Amino acid sequence: MGIGIERFEHLRDQLLSLPRRQATLLIGIDAPGGSGKSVFTQALCRLFPQAVIVQMDDFFLPSAQRLRGEPAARPIGADFDWPRVFTQVLVPLLENRQAHYQRYDWDSDALAEWHTIPVGGTVFVEGIYALRNELAVAYDFTIWLECPREIRLDRGIARSGEQIRPIWENDWMVAEDLYIAAHRPGERASLVVDSSGTLQHDLESEFVRLH
């Protein structure tokens, strides 16, 4: 299937018709920072009567636990506690049990309150590294967003401020490139979306399918 504008309602219907291994529909949505993952996920989530968004940002490691050094010298996605995503969120839901996870608070740089995810409904795990090899096997459907590097960087700087540009360029984006090269999430995704915004469409009701 080639590039084209599609409605979120059609994607919802496709997802709800999927065969699944458990009572909860599990969807993974991944892309580098600045790709528009949150906007896409929220627009889709609104169409589901019982839906929960679990953000990978809630599993960022406190600074005391993060490894130092250049991204290439660290394990893939080393800043994120992806094993906790697997054990606290995905495994319980795959076993038709309530999931309980603790959110990382960016302001205090510490783990904060616990959240409960009931069985049933739809759970979207959204964020960079959501489709890494160790997590991707758990989902019923996976989505990858494609967006040019320069657009992602401009969005990130507009959101976070010019002072954070060195972190984006020398750490986060380098680490994301290493992840994409090693795990190839876009090549394995069930759906690939163009989130560059170059093809005009209604972000609330439509998305651009690449393949």
Side-chain angles (χ1 to χ4, degrees), residues 8 11-33 35-67 75-145 175-176 179 183 185-186 188-191 193 207:
F8 279 111
L11 178 56
R12 174 204 58 197
D13 294 344
Q14 177 187 355
L15 295 177
L16 290 177
S17 68
L18 288 173
R20 64 186 81 169
R21 298 163 288 179
Q22 65 291 317
T24 306
L25 180 62
L26 299 175
I27 311 296
I29 301 178
D30 195 350
S35 297
K37 297 180 297 298
S38 297
V39 172
F40 177 92
T41 304
Q42 289 165 9
L44 180 58
C45 180
R46 282 193 288 269
L47 300 178
F48 288 79
Q50 292 177 293
V52 174
I53 298 175
V54 176
Q55 295 181 317
M56 290 296 292
D57 279 355
D58 288 346
F59 294 84
F60 201 67
L61 282 168
S63 57
Q65 300 178 35
R66 293 198 295 271
L67 299 175
I76 298 292
D79 288 345
F80 289 80
D81 194 352
W82 66 264
R84 199 159 59 82
V85 180
F86 191 71
T87 59
Q88 291 188 348
V89 176
L90 295 175
V91 168
L93 293 174
L94 286 169
E95 297 176 350
N96 290 322
R97 296 184 287 112
Q98 279 191 345
H100 305 275
Y101 72 94
Q102 195 172 12
R103 180 185 67 86
Y104 169 76
D105 183 77
W106 287 69
D107 292 331
S108 64
D109 186 29
L111 295 182
E113 77 282 356
W114 285 81
H115 292 257
T116 297
I117 306 174
V119 174
T122 304
V123 172
F124 298 91
V125 179
E126 175 263 307
I128 184 65
Y129 307 113
L131 299 189
R132 60 178 298 143
N133 294 336
E134 299 89 347
L135 303 181
V137 295
Y139 303 117
D140 299 298
F141 195 87
T142 56
I143 301 172
W144 174 259
L145 276 62
E176 291 168 350
Y179 160 60
H183 290 240
R188 294 183 288 98
S190 311
L191 168 67
V193 172
F207 65 95

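Atom set for the values below is all heavy atoms of this structure, side chains included, hydrogens, waters and symmetry mates excluded. These figures come from a predicted structure and were not determined experimentally.
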Practice task
Could you check if a side-chain atom of D30 sits within less than 4.5 angstrom of a side-chain atom of T142, using non-hydrogen atoms only?
Solution key: no
Problem - Flag, side chain of Y129 to backbone of Y179, donor-acceptor distance under 3.5 Å - result: no
Handout entry: From Q88 atom CD to H115 atom NE2, the distance as rounded to the nearest 0.5 Å
Key = 11.5 Å
Problem - Side-chain touch L15/F48, heavy atoms, less than 4.5 angstrom - result: yes
Practice task
State whether the side chain of R12 and the backbone N or O of R46 hold a donor-acceptor pair below 3.5 Å, judged by distance alone.
Solution key: no
Problem - R188 vs W144 side-chain heavy atoms within contact, under 4.5 Å - result: no
Handout entry: Residue list, ring-ring contact (aromatic ring centres under 6.0 Å, His included) with H100, at least two apart or on another chain
Key = none
Exercise for the section: Only counting residues at least two apart or in another chain, list the ones meeting salt bridge (charged side-chain N to carboxylate O under 4.0 Å, His left out) with D79. Expected result: R74
Handout entry: Rounded distance [0.5 Å steps], CZ in F124 versus OG in S38
Key = 13.0 Å
Problem - D105 side chain near E113 side chain, heavy-atom distance below 4.5 Å - result: no
Problem - Flag side-chain contact, heavy atom, 4.5 Å: E134 against H183 - result: yes
Problem - Expected output: side-chain R132 to main-chain I76 donor-acceptor under 3.5 Å - result: yes
Handout entry: L90 CG to W82 CH2 distance, which is reported to the nearest 0.5 Å
Key = 11.0 Å
Exercise for the section: Please name the pair of heavy atoms, one in A136 and one in L131, separated by the smallest distance, quoted to 0.1 Å. Expected result: CB-O, 3.6 Å
Exercise for the section: Test side-chain contact (heavy atoms from CB on, under 4.5 Å) on Q42 and E126 and set out the steps. Expected result: CA-CA 10 Å; Q42 289 165 9; E126 175 263 307; over 6 Å; no
Practice task
Measure the shortest side-chain to side-chain distance between I27 and Y139 over non-hydrogen atoms and say whether it is less than 4.5 angstrom.
Solution key: no
Practice task
Take Y101 and V85 through the side-chain contact (heavy atoms from CB on, under 4.5 Å) test and state the conclusion after the steps.
Solution key: CA-CA 8 Å; Y101 72 94; V85 180; over 6 Å; no
Handout entry: Residues, nucleotides or ligands: over 12 heavy atoms within 6.0 Å of Q50 CD
Key = no
Practice task
Can you label the angle between the W106 ring and the Y104 ring as parallel, tilted or perpendicular, going by 30° and 60°?
Solution key: perpendicular
Handout entry: Worked check of side-chain contact (heavy atoms from CB on, under 4.5 Å) between R20 and L26
Key = CA-CA 9 Å; R20 64 186 81 169; L26 299 175; over 6 Å; no
Handout entry: Any donor-acceptor pair under 3.5 Å from E176 side chain to G33 backbone
Key = yes
Exercise for the section: Using the side-chain contact (heavy atoms from CB on, under 4.5 Å) rule, take V125 and L135 through it: C-alpha gap first, then chi angles, then the decisive distance, then the call. Expected result: CA-CA 10 Å; V125 179; L135 303 181; 5.7 Å; no
